[in-house]
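The shown structure was predicted, so the numbers you read here are calculated from the model rather than taken from an experiment.
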Amino acid sequence: MKKENIICYKKGIHHGIPIALGYLAVSFTLGIAAQNAGMTAFQATLTSLLVNASAGQYAGFTVIAAQGSYLEMAVMILIANARYLLMSCSLSQKLSGDFPFFHRLLVGFDVTDEIFGVSMAYPGRLNPFYTYGVMTAAAPGWALGTCLGVLCGSLLPANIVSALSVGLYGMFIAIIIPPARKSRIIAGLVVVSMLASFLFAKLPVFGFLSSGMRIIVLTVIISGAAAILFPVPEEEQT
């Protein structure tokens, strides 16, 4: 392995540790949902290792608890995780063309909101070994939290379990604040995104859209408008 790749991998692990701690707290509630669906700790932990998607797993566990069909589960998870298609397309444009195609497949295996955020914030072209490092630290935290939720989630009061999910919002803030401080354009887009998301959630005319679909629509519209109005020069992308 090249020295540059090793450095990027270690840097990814360093940046992935805070994400892992947040995942540990948030996925605890996911473990409780898995337990309510009748899953064992091993089954729930394996699911978190292979899927690592909060909304998709919650949807899957809901279908399992309701004894739904495989088709119902596939449709629900497709809708819940559709935003990752957009994230993967965006992330593929940041990867260097010097790496073989299988690196794109490996990076795409674990595209979560937080891993996507820190990977996109990586300066210049993204070295996939950086994302591998983030995944190495973050994925076990998600799986471990799920396991603990199954084993001992019922021992904690409901208000404490609910409070654990607040850590996820803290991670999002930590991801968007540094680039927003460096660029007024990014800061403005963050504010516009927050206002648009609030309006989409509150206005009755958009009530027919699911939360996942609202994210997709807003992502396409706002990112598309930003690309047209504020294009990034080619020299800044390399």
Side-chain angles (χ1 to χ4, degrees), residues 1-2 4-16 18-20 23 48-57 74 77-139 142 168 171-172 174-176 178-180 182-183 185-186 189-190 192-193 197 211-238:
M1 185 182 297
K2 296 181 180 179
E4 177 186 357
N5 295 340
I6 296 177
I7 294 175
C8 290
Y9 182 76
K10 291 181 177 179
K11 185 177 181 180
I13 293 178
H14 178 73
H15 290 174
I19 297 178
Y23 279 178
S48 287
L49 284 174
L50 297 178
V51 180
N52 200 357
S54 56
Q57 286 181 257
I77 293 179
L78 176 63
I79 295 174
N81 291 341
R83 69 185 186 277
Y84 295 129
L85 298 175
L86 297 176
M87 293 182 184
S88 297
C89 290
S90 178
L91 199 57
S92 68
Q93 302 303 307
K94 190 174 176 64
L95 288 169
S96 174
D98 297 335
F99 291 90
F101 178 71
F102 73 87
H103 282 289
R104 298 178 184 271
L105 297 178
L106 293 176
V107 170
F109 169 74
D110 200 18
V111 177
T112 67
D113 299 330
E114 296 75 27
I115 294 178
F116 169 79
V118 295
S119 296
M120 290 300 294
Y122 186 87
R125 288 292 183 180
L126 175 64
N127 186 316
F129 284 89
Y130 169 80
T131 304
Y132 297 158
V134 178
M135 291 163 55
T136 299
W142 183 260
L168 189 61
M171 286 193 297
F172 279 122
I175 290 173
I176 64 176
K182 297 179 182 179
S183 172
I185 294 176
I186 295 179
L189 291 173
V190 169
V192 170
S193 299
S197 179
S211 59
M213 186 58 65
R214 287 198 297 266
I215 293 175
I216 294 174
V217 172
L218 289 174
T219 299
V220 172
I221 294 176
I222 296 176
S223 62
I228 295 173
L229 298 175
F230 312 105
V232 179
E234 184 67 25
E235 60 270 15
E236 292 185 19
Q237 299 181 17
T238 57

| query | By side chain to side chain contact (heavy atoms under 4.5 Å, CB included), which residues pair with Leu106, not counting sequence neighbours? | reply | Phe102, Tyr132
| Minimum heavy-atom separation for Leu218 to Ser197, with atom names? | CD1-CA, 3.6 Å
| query | With Pro123, which residues qualify under side chain to side chain contact (heavy atoms under 4.5 Å, CB included), at least two apart? | reply | none
| remark: Heavy-atom nearest pair, Ala139 first then Leu49, reads O-CD2, 4.5 Å
| message | Do Ser119 and Lys94 have side chains that approach each other closer than 4.5 Å (heavy atoms only, starting at C-beta)? | response | no
| query | Considering only heavy atoms from C-beta outward, does the side chain of Tyr84 approach that of Asp113 to under 4.5 Å? | reply | yes
| field | Distance, nearest 0.5 Å, that separates OG1 of Thr131 from CE of Met120 | value | 10.5 Å
| field | Separation of His14 NE2 from Lys10 NZ (nearest 0.5 Å) | value | 13.0 Å
| field | Nearest-0.5 Å distance, NE2 of residue His103 to CZ of residue Phe129 | value | 4.5 Å
| message | Just to verify, what does Ile185 make a side chain to side chain contact (heavy atoms under 4.5 Å, CB included) with, not counting sequence neighbours? | response | Ser183, Leu189, Phe230
| field | Distance, nearest 0.5 Å, that separates OG of Ser193 from CD1 of Ile221 | value | 11.0 Å
| What is the minimum heavy-atom distance between Ala20 and Ala137, and which atoms define it? | CB-O, 3.1 Å
| Spatial distance of atom CD (Gln57) from atom CG (Leu50) [nearest 0.5 Å] | 9.5 Å
| query | For Thr112, which residues count as a side chain to side chain contact (heavy atoms under 4.5 Å, CB included) partner, sequence neighbours excluded? | reply | Tyr23, Asn52, Asp110, Glu114, Ile115
| Pairing residues for Ser90 by the side-chain hydrogen bond (donor to acceptor under 3.5 Å, both in side chains) criterion, not counting sequence neighbours | none
| Qualifying ring-ring contact (aromatic ring centres under 6.0 Å, His included) pairs, either residue in residues 108-128, two or more places apart | Tyr122-Tyr130
| Can you name the nearest heavy-atom pair linking Arg125 to Leu95, along with the distance? | NH1-O, 3.8 Å
